[in-house]
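Position 1 is the first residue of the sequence; numbering continues from there.
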Amino acid sequence: MSQHTASASLPGVPVLSEEVAEALSRRAPVVALESTIIAHGLPRPRNLAVGEELEALVRSEGAVPATVAVLDGVPYAGLDKAQLERIASGEGVRKLGHRDLAPALARGATGATTVSATAFLAARAGLRVFATGGLGGVHREWAQSQDESADLALLSRTRITVVCAGVKSILDVPATLQRLETLGVGVLGYRTRRFPGFYLADSGEPVDWSVERPEEVAGVMAAQDALGGPESALLVANPVAETEQLDPELHDRVLAEALAVCREQGITGQAVTPFLLGFLVRATDGASLEANLAAVRGNVRLGARIAGAWAAWA
């Protein structure tokens with residue numbers, strides 16, 4: 001097989017499930033979901049149950065879920081039951097960011113997609129709304145590490161609306177917001193004038209624009225298109241309910257402990273985030289995980305409502 005023929009056969013656009021393809025054909029609302037939370041974010045067997053629950057939440061709001069993943073080198077938007085179970089099994093399932101997609105496709109790998117990879121593939125599939133937990137961002141002590149999530153740069157050049165609970169509170173939230181401004185990524189607070197902090201309803205930082213209804217988000221999306229500027233994303237920052245957030249005092253104390261351990265043990269680079277998240281889960285006796293899931297559920301419901309408003313607008 002020639003090199004040209006081999007490259008031409010690679011699936012650059014995700015394969016759509018029958019349900020997603022049918023919904024797109026009639027311009028019905030569709031919501032992209034990441035798969036990393038299923039493969040790497042939760043213990044088994046709860047991870048599969050949560051994956052199924054999130055899809056059910058999208059359907060309960062009148063939209064179609066499109067969980068994104070790569071299976072045997074083929075990207076998918078919308079998984080059937082067997083495919084979802086395979087991702088949840090964790091066996092041979094890699095964690096794929098945007099930069100990992102090309103080698104994963106070329107090597108026939110199987111992987112769960114992070115925010116950057118999910119946003120990229122969802123946009124390639126023609127989806128406009130993506131619901132997730134919290135974004136990556138600028139890491140603390142950036143001046144020493146230069147550590148910044150690939151999510152930010154990818155979102156600066158990908159036209160998709162991302163419903164999230166802000167950025168992970170283990171990060172440098174003010175620096176992340178400054179970076180989003182520099183990159184031209186729009187941020188809307190949903191029924192809040194404060195930027196949420198993932199586990200916390202309020203990170204302590206303000207947002208410049210806020211909206212009250214899904215239809216207002218759809219209006220901003222339409223204005224993005226009408227302006228014809230850079231193909232950047234729109235972030236809808238949806239705070240976890242105060243009744244479901246992690247206790248702020250507990251959060252601050254445990255995070256300070258975790259950061260101190262990081263420094264003592266010399267944990268740096270890509271190892272920092274999973275270490276800090278794992279430390280929080282253990283030190284809060286699972287309360288941080290429950291706050292995480294509460295935020296994701298709220299984002300998925302809102303994402304479905306925004307997708308419905310967008311379908312009606314478009």
According to a hydrophobic-cluster definition based on side-chain heavy atoms being under 4.5 Å apart (Ile, Leu, Val, Met, Phe, Trp, Tyr only), do [X] and [Y] belong together?
X    : Y    : value
I170 : F279 : yes
I160 : V220 : no
L302 : V129 : yes

So which atom in [X] and which in [Y] form the shortest heavy-atom distance, rounded to 0.1 Å?
X    : Y    : result
A109 : V70  : O-CG1, 3.5 Å
L280 : L255 : CD2-N, 4.3 Å
L84  : G51  : CD2-C, 4.3 Å
P239 : T192 : CD-CG2, 3.8 Å

Is there side-chain contact between [X] and [Y], with heavy atoms separated by less than 4.5 Å?
X    : Y    : value
F130 : C164 : no
L42  : I38  : no
L54  : P65  : no
R59  : E19  : yes
V254 : L246 : no
V217 : V163 : no

Side-chain donor/acceptor of [X] to backbone N/O of [Y], under 3.5 Å:
X    : Y    : value
R159 : S232 : yes
E216 : E212 : yes
T36  : T114 : yes
D100 : G97  : yes

Once side-chain contact (heavy atoms from CB on, under 4.5 Å) is applied, do any residues pair with R26, and if so which ones, sequence neighbours excluded?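 side-chain contact (heavy atoms from CB on, under 4.5 Å) check on R26 returns E22, A28.
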Between D225 and R128, is the closest basic N to carboxylate O distance under 4.0 Å?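 D225 and R128: salt-bridged.
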Taking E61 first and then R301, would you say they form a salt bridge - that is, a charged N and a carboxylate O separated by under 4.0 Å?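 Answer for the salt bridge query: no.
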Would you mind listing every salt bridge (charged side-chain N to carboxylate O under 4.0 Å, His left out) that reaches into residues 184-200, with sequence neighbours excluded?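 Counting only pairs at least two positions apart or across chains, the salt bridge (charged side-chain N to carboxylate O under 4.0 Å, His left out) contacts touching residues 184-200 are R194-D202.
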Which residues pass the side chain to side chain donor-acceptor pair (under 3.5 Å) test with R46, sequence neighbours left out?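 R46 satisfies side chain to side chain donor-acceptor pair (under 3.5 Å) with E290 once adjacent residues are dropped.
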Check the side chains of T113 and S35 for a donor-acceptor pair under 3.5 angstrom, ignoring hydrogens and angles.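 Their side chains do contain a donor-acceptor pair, which is all the 3.5 Å distance test asks for.
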